[in-house]
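Taking it in order: structure first as structure tokens, then the write-up.
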Amino acid sequence: MKHSVNLGYNHWISSHFPRRISVLKDCNISEINRNLLSRTVTLAGWVDRRRDHGHLIFIDLRDRSGVVQLAFNPEVAAGTHETANSLRNEYIIQVTGVVSRRPAGTENPKLLTGDFEIAVNRLTILSAAKTPPFYINEEAEVDENVRLRYRYLDLRRSRMRHNLMLRHQVIRYIRNHLEERDFIDVETPILIKSTPEGARDYLVPSRVYPGKFYALPQSPQQMKQLLMVAGVERYYQIAKCFRDEDTRADRQPEFTQLDLEMSFIDEEDILRLMEELFTGLVETLKPDFRLVKPFARLTFTEAMERFGSDKPDLRYGLEIKDVSSILAGSEFGVFSSAIYAGGRVRGIAVPGCGGYSRRELNELNDIARSIGAGGVVTVSLDSSPATIEEIEMQDVHSIAAKYLNIEQVKAIAKKLDARPGDLILLAAGKDSLTSAVLDKLRREMALRLQLADSKMFHFCYVTGFPLFYRDEANSRWDSVHHPFTSPCEEDKHRIESEPDKVTSRAYDLVLNGFEIAGGSIRIHEPDLQRKVFRLLAYTDEQIEERFGHMMEAFSYGAPPHGGIAAGIDRLVMLLAGESSIREVIPFPKNQNAQDLTFGAPDYVSAEQLDELHICINSENKLKGK
RNA sequence: GGCCCCGUGGUGUAGCGGUCUAACAUGCCACCCUGUCACGGUGGAGAUCGCGGGUUCAAAUCCCGCCGGGGUCGCCA
């Protein structure tokens with residue numbers, strides 16, 4: 001033991017305390033309470049803040065659990081008071097003193113320990129600290145670059161401490177919940193074989209086999225299916241996944257999933273399991289949240305029709321409606337040409353935005369254009385008429401106004417549940433386009449009008465996804481989910497004849513507009529699996545090369561099985577009320593996939609490259625050159 | 001790769017052609033202060049206004065390019 005601690009420590013500690021944290025520390029700060037009054041305790045932690053009154057010095061001592069006030073009084077311990085003079089923020093200290101009740105009137109109700117203070121008579125500076133580059137003890141926004149560069153300091157701040165703790169509690173809850181239901185935690189390897197479909201792989205060169213590479217798993221998908229073949233029946237894992245794609249606020253190159261798989265089940269088993277899990281989790285860890293029960297259920301078609309998205313945020317309305325029939329004979333080119341080409345006119349009504357300025361309407365139009373639409377047709381309704389019935393053309397403002405009659409406007413307004421004073425947004429074109437535009441505008445307007453309550457949790461299962469989609473760029477069929485997803489029973493015969501009509505047995509769990517989990521019932525018959533691979537234009541050689549191990553495994557008998565994977569980072573983000581998963585990941589990458597704390601990625605030595613049989617192609621760069 | 005936003009003492013902001021020799025808050029340093037708790041008081045140090053170029057009599061401020069960061073589209077089976 002390097003640090004000197006007070007003598008006699010071991011002697012009195014055992015007789016006075018129910019528990020002893022460690023040799024340097026008797027208890028956590030949050031454990032200071034009336035039961036310890038008049039007792040001598042030894043605490044250790046960080047100087048959160050100092051208030052120097054010249055003679056009397058107060059220090060707020062912080063540890064992971066909380067804060068307590070230390071009082072240094074020269075009349076109690078002169079030498080100790082002297083040392084306390086030199087304390088600065090973030091110094092790490094150990095103190096011994098008497099737990100005292102504060103003088104009447106000086107209690108601090110904001111602190112859990114605010115009725116007490118430690119009358120310190122011994123102080124040891126365990127570690128001096130430079131002044132940190134940003135506040136540890138305040139919540140002020142700090143440039144994220146700086147935060148990531150000094151992440152170990154950022155993590156000292158209460159916001160990040162709480163996020164870290166919440167993440168721990170979430171994972172502990174999940175483990176308990178699943179283990180009570182007979183799931184076993186099985187680890188799967190990180191160094192695996194690259195399978196070129198899906199996202200880009202992170203590759204790891206082999207030293208032993210020149211020119212060969214491992215890949216990091218994008219998910220443990222194939223391995224968990226093999227575990228079902230192996231008879232594990234109920235598997236779960238808190239698994240790291242790796243995808244070399246561009247980051248987003250809710251996407252990182254490496255992320256954590258709750259991965260699970262079950263045998264002898266169908267969709268309902270999985271959906272019920274996850275609903276019980278997340279319901280219990282939210283109610284236990286965030287009892288003040290408003291949880292909508294039971295979880296909503298939408299088909300993919302319904303979600304796209306009503307919300308323009310397969311991950312709709314159900315905390316607010318602004319539902320999309322089809323107004324094509326009202327505008328069928330319209331002379332307004334935007335509408336007529338879209339309908340003529342087989343598209344539709346769909347729209348949403350935004351409450352109270354009928355007074356939007358030219359500039360604000362232009363912003364909405366720009367948003368529509370930014371995702372590839374020609375724009376959005378805005379129809380502003382004056383707020384003066386009492387009801388829609390009383391509205392007249394002079395109350396209607398739109399570039400399409402002169403092509404509309406009042407009956408059409410009323411019909412559209414009624415269809416969209418619009419009232420006087422509302423703003424109607426109309427998009428025309430094929431469904432994929434109008435869905436994208438109206439989804440984006442719906443979310444934008446909800447943001448502006450603050451319609452989404454961050455303490456409301458509105459889960460929603462989306463089911464009935466198509467199994468395949470047409471990849472027009474490469475003129476081939478591709479899996480919507482992944483190639484192991486089972487078609488529903490009644491569509492199996494359509495795989496070759498009408499692949500676009502095949503419904504899958506996949507399901508997503510959506511929370512407040514974020515895809516929080518996704519999974520499916522898998523194919524467990526080798527013949528059906530082969531049929532799917534062939535539709536996806538794999539030759540028999542490619543099937544053998546890429547999926548031979550799966551096909552062979554299934555030939556030894558595979559139980560019906562299915563599973564789901566849930567994004568832990570996104571879940572914790574929403575529970576923490578954060579808007580980026582970086583806030584709930586201790587050491588995240590930035591948007592350019594760099595780790596600013598460690599400076600990764602970085603060049604490596606010529607020797608390392610040589611050993612891996614790797615020769616760098618582009619103009620630079622070897623470490624130290 | 002496209003589009004949008006941001007870049008001013010350590011931190012957070014203000015300033016948006018001349019008054020800037022750059023302001024405010026906080027932090028930092030020194031001194032004073034015995035009941036504070038975002039303690040208080042006095043004084044002090046601290047910024048080539050991200051970088052480069054241009055316009056102008058004059059640029060933190062306007063324009064162009066670059067760099068860095070964030071958001072988003074593409075991408076993410």
Side-chain angles (χ1 to χ4, degrees), chain A residues 48-61 67-76 81 85 88-90 100 102-111 113-114 117 119 130-150 153-154 195-201 218-219 221-222 241-253 255 363 366-373 436-437 440 443-444 447 465 467-469 471 473 477-485 504 506 515 518 520 532 536 546 565 567 579-580 582 590-592 594 596:
Chain A
D48 196 54
R49 187 167 257 127
R50 55 186 248 114
R51 290 178 293 281
D52 184 348
H53 290 239
H55 289 283
L56 199 56
I57 297 175
F58 296 110
I59 297 283
D60 287 342
L61 183 70
V67 170
V68 71
Q69 173 165 285
L70 310 178
F72 291 89
N73 192 326
E75 288 165 13
V76 172
H81 179 270
N85 261 320
R88 293 294 180 270
N89 284 355
E90 299 307 311
S100 316
R102 294 198 192 185
T106 66
E107 298 89 352
N108 184 355
K110 285 186 245 171
L111 283 186
T113 61
E117 65 187 9
K130 289 203 287 188
T131 302
F134 50 83
Y135 309 107
I136 307 297
N137 52 17
E138 283 180 34
E139 285 307 302
E141 283 295 316
V142 177
D143 181 69
E144 200 173 348
N145 246 342
V146 182
R147 291 176 57 200
L148 291 177
R149 165 84 177 74
Y150 300 97
L153 297 180
D154 192 32
T195 52
E197 53 282 323
R200 266 187 293 271
D201 281 323
Q218 295 177 27
S219 82
Q221 182 60 37
Q222 295 187 36
C241 305
F242 306 86
R243 295 179 190 172
D244 187 2
E245 298 292 348
D246 289 350
T247 65
R248 286 287 185 283
D250 64 346
R251 269 166 34 194
Q252 283 270 299
F255 57 100
E363 281 173 8
D366 288 344
I367 289 169
R369 295 170 71 99
S370 74
I371 51 176
V437 168
K440 181 83 178 178
R443 283 182 287 128
E444 170 71 21
L447 200 64
F465 289 90
L467 189 58
F468 306 109
Y469 72 95
D471 176 1
W477 292 98
D478 206 349
S479 296
V480 169
H481 198 57
H482 59 56
F484 311 108
T485 302
S504 80
E515 185 192 324
S520 62
V532 168
L536 299 176
R546 293 182 192 175
S579 50
S580 161
R582 293 188 301 275
N590 68 9
Q591 195 166 70
N592 298 317
Q594 296 165 309
L596 294 182

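As a whole-Å value, the separation of D250(A) CG from rC75(B) P is 16 Å. In this structure, the CG atom of N137(A) is 14 Å from the C1' atom of rG10(B), given to the nearest Å. Separating the CD atom of E90(A) from the C1' atom of rG10(B) is a distance of 14 Å, rounded to the nearest angstrom. Distance N73(A) CG to rU36(B) C1': 13 Å, rounded to the nearest Å. What separates CD of Q591(A) from C1' of rC76(B) is a distance of 14 Å, to the nearest Å. One interatomic measurement links the two molecules: CZ of R147(A) to P of rG68(B), which rounds to 21 Å at whole-angstrom precision. Atom CG in D471(A) sits roughly 15 Å away from atom C1' in rC76(B) (whole-Å rounding). Atom CG in N85(A) sits about 10 Å away from atom P in rC32(B), given to the nearest Å.
Here the side chains of R88(A) and T131(A) are not in contact, with every heavy-atom distance at 4.5 Å or above.
Here the nucleotide nearest the side chain of R251(A), chosen from rU34(B), rU11(B), rG74(B), is rG74(B). Among rG35(B), rU26(B), rC76(B), the nucleotide with an atom closest to any side-chain atom of E245(A) is rC76(B). Checking rU11(B), rG35(B), rC75(B) against every side-chain atom of D246(A), the shortest atom distance belongs to rC75(B). Out of rG35(B), rG69(B), rG27(B), the shortest distance to the side chain of N145(A) is found at rG69(B). If you check rG69(B), rG70(B), rG35(B) against the side chain of R582(A), the one that comes closest is rG70(B). Comparing rC76(B), rG70(B), rU34(B) by their closest approach to the side chain of E75(A) singles out rU34(B).
Judged purely by atom type and a 3.5 angstrom limit, R102(A) uses its side chain to pair as donor or acceptor with the backbone of G114(A). A donor-acceptor pair is defined here as one N or O able to donate and one able to accept, closer than 3.5 Å; such a pair exists between the side chain of T247(A) and the backbone of Q591(A). With D143(A) contributing its side chain and N145(A) its backbone, the two residues share a donor-acceptor pair below 3.5 Å. One N or O on the side chain of E245(A) and one on the backbone of R200(A) form a donor-acceptor pair closer than 3.5 Å. The backbone N or O of F58(A) sits nowhere less than 3.5 Å from a side-chain atom of R51(A) that would complete a donor-acceptor pair. A donor-acceptor contact shorter than 3.5 Å links the side chain of Q218(A) to the backbone of A199(A).
Spacing of C1' atoms, rA14(B) relative to rU26(B), comes out at 14 Å, to the nearest Å. Spacing of P atoms, rG1(B) relative to rC66(B), comes out at 11 Å, to the nearest Å. rG35(B) and rG43(B) are spaced 26 Å apart, taking the C1' atom of each and rounding to whole Å. The C1' atoms of rG7(B) and rC16(B) are separated by 15 Å, rounded to the nearest whole Å. The separation of rC76(B) from rU13(B), taken at their C1' atoms, amounts to 37 Å, rounded to a whole angstrom. If you take atom C1' in rU21(B) and the same atom in rA47(B), they sit 13 Å apart, rounded to whole Å. The separation of rA60(B) from rG40(B), taken at their P atoms, amounts to 35 Å, rounded to a whole angstrom. Taking atom P in both rC51(B) and rU42(B), one finds a spacing of 35 Å when rounded to whole Å.
Residue Y150(A) places no side-chain atom within donor-acceptor reach of the base of rG10(B), judged by atom type and a 3.5 Å distance cut-off alone. Between the base of rC73(B) and the side chain of R369(A) there is no donor-acceptor pair shorter than 3.5 Å.
Residues satisfying the side-chain contact (heavy atoms from CB on, under 4.5 Å) criterion with D246(A), sequence neighbours excluded, are R248(A).
In this structure, E117(A) reaches the bases: a heavy-atom distance under 4.0 Å links it to at least one base atom across the strands shown. The residue T195(A) sits apart from the nucleic acid: no heavy atom pair falls under 4.0 Å. Within 4.0 Å (heavy atoms only), A140(A) reaches no atom of the nucleic acid at all. Looking at heavy-atom distances under 4.0 Å, N590(A) makes contact with sugar-phosphate atoms alone, never a base. S479(A) comes within 4.0 angstrom of sugar-phosphate atoms only, judged by non-hydrogen atoms across all strands, and of no base. Looking at heavy-atom distances under 4.0 Å, E144(A) makes contact with sugar-phosphate atoms alone, never a base. Contacts of R88(A) with the nucleic acid, taken as non-hydrogen atoms under 4.0 Å apart, involve only primed sugar atoms and P, OP1 or OP2. As judged by a 4.0 angstrom heavy-atom cut-off over every strand, Q594(A) is placed among residues touching the sugar-phosphate backbone only. Counting any heavy atom pair closer than 4.0 Å across all strands shown, P133(A) reaches sugar-phosphate atoms only and no base atom. Using a 4.0 Å heavy-atom criterion, one finds that E141(A) contacts the sugar-phosphate atoms exclusively.
D154(A) contributes atom CG, which lies 4.5 Å from atom CZ of F134(A) (distance to the nearest 0.5 angstrom).
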Legend entry - Trace of the salt bridge (Lys or Arg N to Asp or Glu O under 4.0 Å) decision for R49(A) with D60(A): CA-CA 5 Å; R49(A) 187 167 257 127; D60(A) 287 342; 5.4 Å; no
Inset, instruction - Show your working on side chain to side chain contact (heavy atoms under 4.5 Å, CB included) between I136(A) and N89(A) and close with a plain yes or no. - result: CA-CA 9 Å; I136(A) 307 297; N89(A) 284 355; over 6 Å; no
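With a 3.5 Å ceiling on both atom-pair distances, rG9(B) lacks any Watson-Crick or G-U wobble partner. Base pairing of rA22(B): no nucleotide in any strand meets the Watson-Crick or G-U wobble criterion (both distances under 3.5 Å). The partner of rG17(B) is absent, by the rule that a Watson-Crick or G-U pair needs both atom distances under 3.5 Å.
Mapping N592(A) and R243(A) onto RNA chain B by nearest heavy atom places N592(A) closer to the 5' end of the strand. Each of S579(A) and Q218(A) was matched to the nucleotide of RNA chain B holding its nearest heavy atom; the match closer to the 5' end belongs to S579(A).
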Inset, instruction - Treat primed atoms plus P, OP1 and OP2 as sugar-phosphate and everything else as base, then score nucleotides 38-44 of chain B 5' to 3': B for base contact with protein heavy atoms under 4.0 Å, S for sugar-phosphate contact only, - for none. - result: SB-----
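Judged by ring centres under 5.5 Å apart and planes tilted less than 30 degrees, F134(A) fails to stack against the six-membered base ring of rU11(B).
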